[in-house]
Trainee: 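My structure is below; once you've seen it, I'll send some questions.
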Amino acid sequence: MMRTRPLKVALLGCGVVGTEVARIMTTHADDLAARIGAPVELAGIAVRRPSRVRAGVPAELITTDATALVKRGDIDVVVEVIGGIEPARALITTAFEHGASVVSANKALLAQDGAALHAAAESHGADLYYEAAVAGAIPLVRPLRESLAGDKVNRVLGIVNGTTNFILDKMDTSGAGYSEALDEATALGYAEADPTADVEGFDAAAKAAILAGIAFHTRVRLDDVHREGMTEVTAADFASAKQMGCTIKLLAICERAADGQSVTARVHPAMIPLSHPLASVREAYNAVFIEAEAAGQLMFYGPGAGGSPTASAVLGDLVAVCRNKLGEATGPGESAYTRLPVSPMGEVVTRYHISLDVADKPGVLAQVATVFAEHDVSIDTVRQTGKDGEASLVVVTHRAPDAALSATVEALRRLDTVRGVASIMRVEGE
């Protein structure tokens with residue numbers, strides 16, 4: 001039998017995502033009630049600019065006093081889609097204190113203070129759900145912390161930012177330069193006016209921290225994630241990648257060490273073989289590749305951003321949290337029992353693709369090979385072309401500690417026969 005008293009929901013933020021959440025809650029109210037077992041009522045919407053026109057959003061629900069809204073005492077669930085650290089953190093904490101559970105899409109806050117927020121939720125017997133914080137509509141958080149809870153996840157490798165994937169895809173398929181591809185992404189609405197958070201990897205790094213924490217049952221904060229942007233990727237890099245049968249993607253990579261005693265989390269551009277499933281992810285789509293001991297290899301693919309896809313994930317969490325409310329229970333909270341340390345990037349074992357501009361004369365290759373040997377880095381392949389006294393030398397290494405590879409590159413720069421290091425790119429997915 002369905003309960004007649006509605007569950008009341010407070011919505012914090014009514015931008016692109018918030019407006020879509022409000023629309024779906026209104027137009028699909030009967031379906032949501034049937035799935036939950038009780039009606040769901042949108043009780044208030046907190047915004048910063050009340051004069052802004054929001055199609056389909058009841059004006060009587062709009063308020064600028066978010067704190068008063070979450071303090072009402074009759075709110076069952078708070079949906080937070082305002083983003084940023086403050087006031088989101090204070091509002092979520094206040095919601096817990098006043099008996100509400102929280103659904104959030106705030107990747108930056110969760111990556112920075114997820115442990116404290118989980119502790120606050122647990123202390124007040126509330127839920128904290130955040131499927132929408134990682135990859136838009138793609139179900140990823142719940143499969144990792146519920147479906148794979150009985151398995152051991154060893155690696156999470158993914159494209160988790162649609163803007164950067166769109167730019168790199170255009171550079172790959174059309175031969176466009178970075179600036180040209182960014183302009184197209186901006187014109188189509190895929191890139192913000194200030195794309196720094198995307199192209200410098202900050203957005204992906206926050207998502208990597210969340211994914212690593214869930215996958216490895218340990219605490220990983222944003223500061224633990226090694227981050228490199230993709231603004232220096234060039235058409236020449238894509239040409240080199242094609243010669244290797246690869247393409248280039250900005251990847252979030254979370255790994256458990258071979259001995260199981262530590263984990264790593266990193267974001268950087270990398271060459272991946274065209275045979276890898278992630279190589280075929282085009283346009284602004286996201287995909288995450290998971291390797292687990294029992295389940296094997298799994299891939300999750302779909303739209304990773306936008307109002308409707310993100311709202312879909314928010315509403316999925318809302319249904320789950322409301323069901324928990326009706327059953328007077330809570331869902332899974334933080335699982336950090338392993339307490340594994342996060343290793344620095346220098347200890348990560350990787351491969352490098354290095355393109356050098358060198359003098360075209362005898363002995364250069366021998367000098368370069370000696371430098372690699374002195375740093376205990378094994379060479380996989382070498383390709384050399386040149387004329388008129390100048391040459392290009394492309395070296396692909398075997399796997400080695402990243403610190404050793406980085407030291408090798410610095411030593412190469414000091415050789416008189418090396419005119420410059422044209423590009424350095426890690427190779428993944430093999």
Trainee: Side chains of Val47 and Arg52: does their closest heavy-atom pair fall under 4.5 Å?
Mentor: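 No; the side chains remain at least 4.5 Å from each other.
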Trainee: Taking 4.0 angstrom as the limit, do Arg256 and Glu293 come out as a salt bridge?
Mentor: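 A salt bridge is absent here (no side-chain N lies under 4.0 Å from a carboxylate O).
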Trainee: Answer whether the closest heavy-atom distance between the side chains of Val281 and Met299 falls below 4.5 Å.
Mentor: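 Yes, close enough: below the 4.5 Å cut-off.
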Trainee: Applying the side chain to side chain contact (heavy atoms under 4.5 Å, CB included) criterion to Leu157, which one of His276, Glu255, Glu291 satisfies it?
Mentor: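 Checked His276, Glu255, Glu291 against Leu157; only one passes side chain to side chain contact (heavy atoms under 4.5 Å, CB included): His276.
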Trainee: Between the side chain of Arg323 and the main-chain N/O of Arg35, is any donor-acceptor distance below 3.5 Å?
Mentor: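 Here the side-chain-to-backbone pair exists.
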Trainee: Any side-chain donor paired with an acceptor under 3.5 Å for Ser240 and Asp237?
Mentor: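 Judged by distance alone, the side chains do not pair up.
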Trainee: With sequence neighbours excluded, tell me which residues meet ring-ring contact (aromatic ring centres under 6.0 Å, His included) with Phe238.
Mentor: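 By the ring-ring contact (aromatic ring centres under 6.0 Å, His included) rule, Phe238 matches no residue at all.
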Trainee: I need the full list of ring pair (Phe, Tyr, Trp, His ring centres under 6.0 Å) pairs touching residues 355-375, with sequence neighbours left out, sorted by first then second residue.
Mentor: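 Every pair satisfying ring pair (Phe, Tyr, Trp, His ring centres under 6.0 Å) with a residue in residues 355-375: there are none.
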Trainee: If we count only N and O atoms by modelled type, under 3.5 Å, do the side chains of Asp194 and Thr196 hold a donor and an acceptor together?
Mentor: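 There is such a pair (donor and acceptor under 3.5 Å, judged by atom type) between the side chains of Asp194 and Thr196.
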Trainee: Are His118 and Tyr130 close enough that their ring centres sit under 6.0 Å apart?
Mentor: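 Ring centres of Tyr130 and His118 closer than 6.0 Å.
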Trainee: Any heavy-atom pair between the side chains of Val9 and Ile75 that's under 4.5 Å?
Mentor: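 Side chain of Ile75 against side chain of Val9, heavy atoms only: no contact under 4.5 Å found.
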Trainee: Taking NZ, NE, NH1 and NH2 as the nitrogens, is one of them in Arg155 or Glu428 under 4.0 Å from a carboxylate oxygen of the other?
Mentor: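 Looking at Arg155 and Glu428, the cut-off is met.
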Trainee: According to salt bridge (Lys or Arg N to Asp or Glu O under 4.0 Å), does anything in residues 301-311 pair up with another residue at least two apart or in another chain? List the pairs.
Mentor: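 Listed by first then second residue: nothing to list.
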Trainee: Would you say the side chains of Ser343 and Ser262 form a donor-acceptor pair under 3.5 Å?
Mentor: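 Judged by distance alone, the side chains do pair up.
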